[in-house]
Amino acid sequence: MGNDVIRAEGAPAPVGAYPHARRVGPLLFLSGIGPRVPATDAIPGNVVDDTGKLVSYDIEAQCRQVFANVRAVLEASGARFEDLVDVTVYLTDMARDFDAYNRLYADAFQAVDACRTTVEVNALPTAIAIELKCVAAVAS
Ligand SMILES: O=C(O)C/C=C/C(=O)C(=O)O
């Protein structure tokens with residue numbers, strides 16, 4: 001049974017002691033990942049004041065980037081977006097962001113048919129408004 005740890009060049013670096021993904025047999029488990037831009041760690045659309053406090057954020061920009069980050073981890077793992085089977089989505093403000101996120105999710109995931117769960121959480125690491133936790137099933 002394959003048991004591989006994946007560290008993806010094209011995805012934002014993990015913020016702790018964990019890999020981007022781990023394959024166990026036909027299943028590929030992705031670590032939770034947010035919308036940081038890989039090369040810069042910037043969060044697209046975030047506006048901060050002089051003290052570094054977050055003033056506003058753009059959920060659409062964050063959705064596009066986090067979906068791209070998931071794709072980068074899958075590709076580095078030899079998997080495709082269409083291999084996703086289960087997606088858990090964490091939002092920090094369901095009332096504000098669900099509709100936009102749900103629309104962009106439909107665009108990005110319509111051909112995937114992965115199961116999905118969306119929950120609101122009080123906070124996420126790295127000042128992000130969305131994080132995805134994914135499982136894929138990969139042909140051997
Ligand atoms: O990818 C990010 O920007 C933040 C995600 C962090 C985690 O999921 C974690 O620290 O476990």
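Just so it is clear, the values below take in all heavy atoms, side chains as well, and ignore hydrogens, waters and symmetry mates. Every number for a ligand or one of its atoms is a count from 1 in the order of the listing.
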Verdict with reasoning, Y90 to L132, per side-chain contact (heavy atoms from CB on, under 4.5 Å):
CA-CA 6 Å; Y90 303 91; L132 266 61; over 6 Å; no
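Of all the heavy atoms in S31 and P19, the pair that sits closest is OG-O, 2.6 Å.
Using a 4.5 Å cut-off between side-chain heavy atoms of Ile, Leu, Val, Met, Phe, Trp and Tyr, V15 falls into a hydrophobic cluster with Y18. Counting side-chain heavy-atom gaps under 4.5 Å among Ile, Leu, Val, Met, Phe, Trp and Tyr, the cluster of V55 also holds V47.
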Listing, residues 118-130 side-chain donor-acceptor contacts under 3.5 Å, not counting sequence neighbours, or none:
residue: T118; atom: OG1; partner: Y101; partner atom: OH; Å: 2.7
residue: T118; atom: OG1; partner: R116; partner atom: NE; Å: 3.4
residue: E120; atom: OE1; partner: M94; partner atom: N; Å: 2.7

Filter the ligand 1-protein atom pairs down to N or O on both sides and distance under 3.5 Å, then list them.
residue: ligand 1; atom: 1 (O); partner: G34; partner atom: N; Å: 3.0
residue: ligand 1; atom: 1 (O); partner: R36; partner atom: NH2; Å: 3.3
residue: ligand 1; atom: 3 (O); partner: R36; partner atom: NE; Å: 2.7
residue: ligand 1; atom: 3 (O); partner: R36; partner atom: NH2; Å: 3.3
residue: ligand 1; atom: 3 (O); partner: T126; partner atom: OG1; Å: 3.0
residue: ligand 1; atom: 8 (O); partner: E131; partner atom: OE2; Å: 2.6

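Between F67 and Y105, the two ring planes are perpendicular [angle over 60°; tilted spans 30° to 60°].
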